[in-house]
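Below you'll find the structure, written out as structure tokens, and then a few comments.
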Amino acid sequence: MDFERDLNPAQRQAALTTEGPMLVIAGAGSGKTRTIVYRLAHLVSDGVDPAAILLLTFTRKAAQEMLTRAGMLLAMGPSGVASVSGGTFHAFAFATLRRYHAAAGFPDGFTVLDQADSEDILGQAKDTLGIGKGDRSFPRKSAVLGLLSKARNKELDVGDVLSREAFHLLPYAGDIARIGERYTAFKAENRLLDYDDLLFTLERTLTEHPDLLDYLRQHHRYVMVDEYQDTNRVQARLTRLLAPTSGNVMAVGDDAQSIYAFRGATVDNILDFPELFPGTLVVKLEQNYRSTQPILSLTNAILQNAGRKYDKKLFTTREDGPQPELLRPFSDLTQAAMAAAKIRELSSRYPLHEIAVLFRAGYQSYALEVELGKTGIPFQKFGGLKFSDAAHVKDVLSYLRLVRNTADFPAWSRVLAFVPGIGPKTATKIFNAIQSGDRAVLGKMAAKSQEFRALIEFLDTLRALPPSPAQLLERVIEAYAPLLAEKYPEDYPRRQAGLEQLQQIAAAYADLDAMLADLVLENPDEDRKKTREDHVVLSTVHSAKGLEWSAVLVIDLVDERFPSRHALSRPEDLEEERRLLYVACTRAREHLTLFAPETIYQRQTGGCAPALPSIFLRELPPGTLPERRERLGGGSAAAFAACPPPSAPATAVRSRLTRPAEAPHLTGAPAPRKAPTGKMGYCRHKIFGRGKIIAMLDDGKCRVNFPDFGPKVILADYLEMEDAS
DNA sequence: CAACTACAAATTTTT
DNA sequence: TTTGTAGTTG
């Protein structure tokens with residue numbers, strides 16, 4: 001390892017400065033990971049015990065990447081990797097809480113809930129309280145959970161969150177808050193922790209137990225936090241708490257890549273860092289080693305229009321390379337075919353796993369997945385269904401969870417659902433009886449149902465066995481196999497194989513709790529995926545963060561998809577979408593193709609609606625991005641006709657460049673023209689913004705659906721029609 | 001009264 | 001593709 005040769009001066013400074021607080025502002029592709037890894041190596045070669053180094057990140061991907069690369073470089077093998085403490089904030093919180101569970105207030109341990117579990121409990125709370133019954137517009141439980149979690153992460157109350165970003169749900173604020181209280185109480189009664197609880201409980205435990213905190217601070221002599229721009233307020237406080245007495249804290253981040261504000265992440269954390277830790281050394285990494293200049297020019301142009309930004313000049317020495325291009329298929333369906341054709345074309349130059357297709361939301365790749373299946377191009381998708389989310393895996397794990405914690409409601413309801421004659425209601429009754437020790441109810445159930453008796457006996461046998469994950473799992477799968485065949489007659493063998501995979505995972509664990517929590521916090525499927533070669537990668541932009549490919553395609557770059565429909569009304573949200581696009585484009589090393597279909601399928605109307613290219617593309621200076629439209633004559637990418645570059649007057653160009661903070665929903669949209677004429681389509685309202693007319697009513701009124709305010713009845717005079725083009 | 005069945009509706013991003 | 005509701009059946 002040669003620090004002189006392998007690192008540039010800024011990187012070297014970051015890697016070799018080991019004492020005192022440090023903030024590294026690392027642009028996209030600026031060798032951030034390399035710098036951190038070299039710093040680790042430097043510390044270890046200085047005689048620092050790897051276990052005394054704590055490495056925290058927000059996402060699993062980043063944690064994994066970091067720890068494997070550290071392991072490779074330190075040439076210590078897998079055991080060496082394990083000896084550097086670290087992982088995601090959540091995983092670290094879990095490990096710490098588990099070790100000191102008594103201090104955390106859980107003498108008998110606790111169970112970690114994943115999203116589905118939390119939703120189950122929330123649904124239960126909603127039913128118990130009788131809230132929202134028969135009300136079709138009451139938000140579904142996933143939305144309720146999202147709101148409650150957002151309120152928690154942003155440390156606001158539900159009303160504030162609603163009034164800021166879901167105006168139409170404001171009347172439900174009280175109900176949602178009540179459901180939230182019930183949910184919180186339920187978790188407390190049954191020693192259950194959700195994702196957010198892990199962080200807040202760790203914070204509480206550390207503040208309440210100064211001795212424990214002191215011990216941890218002594219133990220972790222060096223703390224490094226990666227992707228610091230994605231941390232939220234608790235995570236920043238945890239960083240502060242855990243900071244060793246020596247003050248050796250390093251935070252690494254890039255404000256331009258902050259894409260988790262929706263869950264409370266705040267760039268303020270980066271800005272405040274030097275104040276929080278006096279004497280902070282700030283290092284900027286500005287040389288980009290990943291992309292060619294044409295790609296960097298585009299990404300710089302995208303960032304150019306950002307409302308607020310921090311000065312950072314990314315530069316590269318890779319001057320040459322193909323120009324990024326914008327393709328305009330007729331529709332999102334032909335887009336899938338175009339993208340597949342593009343992949344085929346690229347595959348002559350790059351191995352398949354060096355090609356990635358990125359999109360805003362998981363569902364946007366469905367058409368492409370079908371197309372790739374048809375043409376026989378293998379792919380792997382990131383951000384799809386998690387291994388542990390599969391129903392059969394959750395079923396089996398539920399039995400194991402009940403071995404550790406009989407107060408686990410989601411587990412009971414899954415397990416009880418297999419007993420004939422028991423549905424949600426009876427399951428709840430039984431759960432309550434178990435909780436309160438009501439033998440009478442249980443006895444009655446047992447007398448009535450042979451299957452119920454068998455289940456209880458089975459669970460008792462499990463609980464009597466030694467708590468070895470592998471052995472317990474074997475018993476459970478044995479008992480579950482017939483149920484599996486019955487429940488999934490069609491793809492029973494595939495799921496069976498999945499359970500065998502689970503057995504292999506279990507074999508690696510000596511401790512049941514650790515295994516259960518890891519399945520909730522980590523995703524064992526993904527490391528396996530990572531090593532899979534010769535598959536095109538399909539990924540959400542969020543999941544693609546920190547990764548890079550030789551060729552990148554970004555699809556569905558039209559307004560309402562990317563930027564997401566939900567982000568159109570609030571400027572801050574729109575800015576985040578812009579950074580998201582920036583992250584997407586900066587993943588590309590050499591080749592970058594953007595797709596903006598001219599029409600997109602709309603579920604509501606069942607037809608196609610014309611679509612505008614993403615606002616972020618429309619506001620680029622003309623000529624930045626060559627554009628080619630699909631031709632009627634043929635279906636392959638080669639059939640694109642080159643469009644003449646748009647010839648806007650030079651003055652318009654300049655005004656766009658110097659006017660970054662234009663009201664987002666007005667920028668680039670066709671000028672409003674006329675009042676509704678009875679034709680359906682999009683219109684604009686002074687207060688509610690852009691909306692879709694869904695019905696014409698009497699008295700010159702119409703019903704308009706506004707993406708962020710819900711449907712409203714409005715006098716047509718107050719609306720302006722938007723051109724269909 | 002609870003479970004099962006059929007159907008309409010809605011869908012961001014992560015831990 | 002999942003989730004909630006209304007109707008039907010045991």
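Each chain gets a letter, A, B and so on, in the order the sequences are listed, and its residues count up from 1.
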Has Arg99(A) got more than 12 heavy atoms of other residues, nucleotides or ligands less than 6.0 Å from its CZ?
no

Given side chains that start at C-beta, do those of His542(A) and Tyr260(A) come closer than 4.5 Å, heavy atoms only?
yes

Testing dT15(B), dT12(B), dT14(B) for proximity to the side chain of Arg360(A), the answer is dT12(B)

Stacked pair Phe89(A)-dT15(B), distance under 5.5 Å, angle under 30°
no

Could you state the CG-C1' distance from Asn153(A) to dT15(B), rounded to the nearest angstrom?
9 Å

Is the gap between the ring centers of Phe262(A) and His566(A) under 6.0 Å?
no

Check whether any side-chain heavy atom of Glu577(A) sits under 4.5 Å from a side-chain heavy atom of Leu581(A), and report yes or no.
no

Figure out the CD/P separation between Glu165(A) and dT13(B), and round it to whole Å.
16 Å

Stacking here means centres under 5.5 Å and planes under 30°; does His542(A) stack on dT14(B)?
no

Nearest whole Å is fine: how far is dT14(B) C1' from Asn232(A) CG?
11 Å

Dump the intermediate steps for salt bridge (Lys or Arg N to Asp or Glu O under 4.0 Å) on Arg360(A) and Asp556(A), then the final yes or no.
CA-CA 8 Å; Arg360(A) 174 67 181 84; Asp556(A) 268 352; over 6 Å; no

Categorize Phe262(A) for me: base, sugar-phosphate, or nothing, with a 4.0 angstrom heavy-atom threshold over every strand shown.
base

Evaluate whether atom NZ of Lys394(A) has more than 12 neighbouring non-hydrogen atoms of other residues, nucleotides or ligands under 6.0 angstrom away.
yes

Please list, pair by pair, any protein nitrogen or oxygen found under 3.5 Å from a nitrogen or oxygen in nucleotides 3-10 of chain C.
residue	atom	partner	partner atom	Å
dT3(C)	O4'	Arg140(A)	NH1	3.3
dG4(C)	OP1	Lys141(A)	N	3.1

Identify whether the distance between the nearest side-chain nitrogen and carboxylate oxygen of Asp160(A) and Lys154(A) falls below 4.0 Å.
no

For residues Tyr195(A) and Ser118(A), is any side-chain donor paired with an opposing acceptor at under 3.5 Å?
no

To the nearest Å, how far apart are Lys545(A) NZ and dT13(B) C1'?
11 Å

Distance-only donor-acceptor check, side chains Asn232(A) and Glu155(A), under 3.5 Å:
no

Rounded to whole angstrom units, what separation is found between the CG atom of Leu147(A) and the C1' atom of dT12(B)?
13 Å

To the nearest Å, how far apart are Glu227(A) CD and dT13(B) P?
19 Å

Ranking dT12(B), dT15(B), dT14(B) by distance to the side chain of Thr540(A), first place goes to dT14(B)

Heavy atoms only, 4.0 Å cut-off, all strands: where does Glu576(A) land among base, sugar-phosphate and nothing?
nothing

For dT14(B) and Ser543(A) - does any side-chain N or O of the residue sit under 4.0 Å from the phosphate oxygens OP1/OP2?
yes

Provide a list of protein-nucleic acid N or O atom pairs under 3.5 angstrom, restricted to nucleotides 2-5 of chain B.
residue	atom	partner	partner atom	Å
dA2(B)	O3'	Thr426(A)	OG1	3.4
dA3(B)	OP1	Gly421(A)	O	3.4
dA3(B)	OP1	Gly423(A)	N	2.4
dA3(B)	OP1	Thr426(A)	OG1	2.3
dA3(B)	OP2	Lys425(A)	N	3.4
dA3(B)	O5'	Gly423(A)	N	3.4

Rounded to the nearest angstrom, tell me the gap between atom CG in Asp518(A) and atom C1' in dT15(B).
13 Å

